[in-house]
Amino acid sequence: MAKSFKRLRLADREKLAILRAKGKTIREIAKKLGFSHSTISREFRRYGKFNYSPCHSDFHSQHRRRKAGRKPKIWGHEDLMSWIDEKLRLGWSPQLIAGRISKDHPGLSVSHETVYQYVFENQLHHLLPSQR
């Protein structure tokens, strides 16, 4: 039977730091805390093998979780919106636009569905190559 996924909490991180200070191995710590050894190894790799701080690690872990999955929005990027309008007028599809955004605007990534949302919200559907 597969193990269920568990996240490290601050209390787990504090125990982890104590066990590591006692010289326990990653596998021993994992067994004692009930986590996979890869979870413990990843925790040390991300947040410091030798200078591990439970509070620091927990703070950064929560920040990573809040930030995960966020994509930049089209709205609010005036230059990006005008770029999308221009490409729509040239007959580009939302799929093509979404694929090209990261090349012409480094650091930005938008799905074709986001482009479709932008098109319909701004009533630009008449610019689509084929009507949806």
Side-chain angles (χ1 to χ4, degrees):
M1 181 166 34
K3 291 183 180 180
S4 63
F5 176 77
K6 284 187 352 182
R7 254 191 197 109
L8 285 166
R9 297 173 312 196
L10 180 58
D12 299 319
R13 288 185 167 95
E14 288 170 345
K15 292 175 190 172
L16 188 151
I18 292 168
L19 292 170
R20 190 59 172 181
K22 289 182 179 179
K24 301 291 184 187
T25 66
I26 288 174
R27 288 187 184 269
E28 290 172 333
I29 294 169
K31 189 173 184 178
K32 180 95 172 160
L33 297 179
F35 287 93
S36 165
H37 66 90
S38 62
T39 300
I40 304 302
S41 175
R42 189 178 314 112
E43 180 76 3
F44 284 131
R45 190 171 55 248
R46 281 184 182 151
Y47 305 117
K49 197 170 211 170
F50 302 106
N51 296 332
Y52 184 77
S53 165
C55 292
H56 177 265
S57 302
D58 195 61
F59 172 80
H60 286 287
S61 173
Q62 288 178 20
H63 177 72
R64 284 171 56 92
R65 262 197 314 269
R66 281 191 301 268
K67 197 173 117 181
R70 285 192 201 162
K71 299 289 183 196
K73 299 287 184 187
I74 292 172
W75 300 269
H77 293 279
E78 295 299 325
D79 60 329
L80 184 58
M81 292 188 318
S82 63
W83 183 87
I84 291 171
D85 290 349
E86 175 190 331
K87 298 308 177 193
L88 286 168
R89 291 182 203 294
L90 291 173
W92 287 29
S93 69
Q95 289 84 353
L96 188 59
I97 292 170
R100 189 65 196 184
I101 283 177
S102 62
K103 291 177 178 54
D104 290 354
H105 298 272
L108 292 177
S109 172
V110 176
S111 73
H112 68 279
E113 286 298 325
T114 303
V115 176
Y116 274 114
Q117 288 174 2
Y118 170 78
V119 166
F120 288 107
E121 185 171 306
N122 291 292
Q123 298 179 352
L124 300 171
H125 55 279
H126 63 279
L127 298 175
L128 291 174
S130 59
Q131 298 301 315
R132 186 175 181 199

Salt bridge (charged side-chain N to carboxylate O under 4.0 Å, His left out): which pairs involve residues 10-20, sequence neighbours left out? Arg9-Asp12, Arg13-Glu43, Arg13-Asp58
Show your reasoning for whether side chain to side chain contact (heavy atoms under 4.5 Å, CB included) applies to Leu16 and Tyr52. CA-CA 9 Å; Leu16 188 151; Tyr52 184 77; 3.7 Å; yes
Counting only heavy atoms from other residues, nucleotides and ligands, does the tally under 6.0 Å from CG of Asn51 exceed 12? no
Take atom CZ of Arg46 as the centre, draw a 6.0 Å sphere, and report whether it contains more than 12 heavy atoms from other residues, nucleotides or ligands. yes
Is there a side-chain contact between Lys31 and Glu28 (heavy atoms, below 4.5 Å)? no
Acceptor/donor pairs from residues 87-97 side chains to any protein atom, 3.5 angstrom cut, sequence neighbours excluded:
residue, atom, partner, partner atom, Å
Ser93, OG, Leu96, N, 3.1

Do you see a donor-acceptor pair shorter than 3.5 Å between the side chains of Thr114 and Ser111? yes
How many angstroms lie between atom [atom1] of [X] and atom [atom2] of [Y], to the nearest 0.5 angstrom?
X	Y	atom1	atom2	result
Arg42	His37	CZ	NE2	10.0 Å
Ile29	Lys22	CD1	NZ	11.0 Å
His56	Ser61	NE2	OG	11.5 Å
Leu80	Ile101	CG	CD1	5.0 Å
Asp104	Asp79	CG	CG	11.0 Å
Ser36	Arg27	OG	CZ	8.5 Å

Checking side chain to side chain contact (heavy atoms under 4.5 Å, CB included) for the pair Leu19/Leu33: CA distance, chi angles, key distance, verdict? CA-CA 10 Å; Leu19 292 170; Leu33 297 179; 4.2 Å; yes
Please check if Leu10 and Phe35 belong to a single hydrophobic cluster, counting links between Ile, Leu, Val, Met, Phe, Trp and Tyr side chain heavy atoms closer than 4.5 Å. no
Check whether Phe44 and Ile18 end up in the same hydrophobic cluster, where Ile, Leu, Val, Met, Phe, Trp and Tyr are linked by side-chain heavy atoms less than 4.5 Å apart. no
Indicate the ring-plane relationship of His63 and Phe59, choosing parallel, tilted or perpendicular according to the 30° and 60° boundaries. parallel
Angle between ring planes, His105 versus Trp83, binned at 30° and 60°: parallel, tilted or perpendicular? perpendicular
Steps toward side chain to side chain contact (heavy atoms under 4.5 Å, CB included) verdict (Leu127, Val119): CA-CA 8 Å; Leu127 298 175; Val119 166; over 6 Å; no
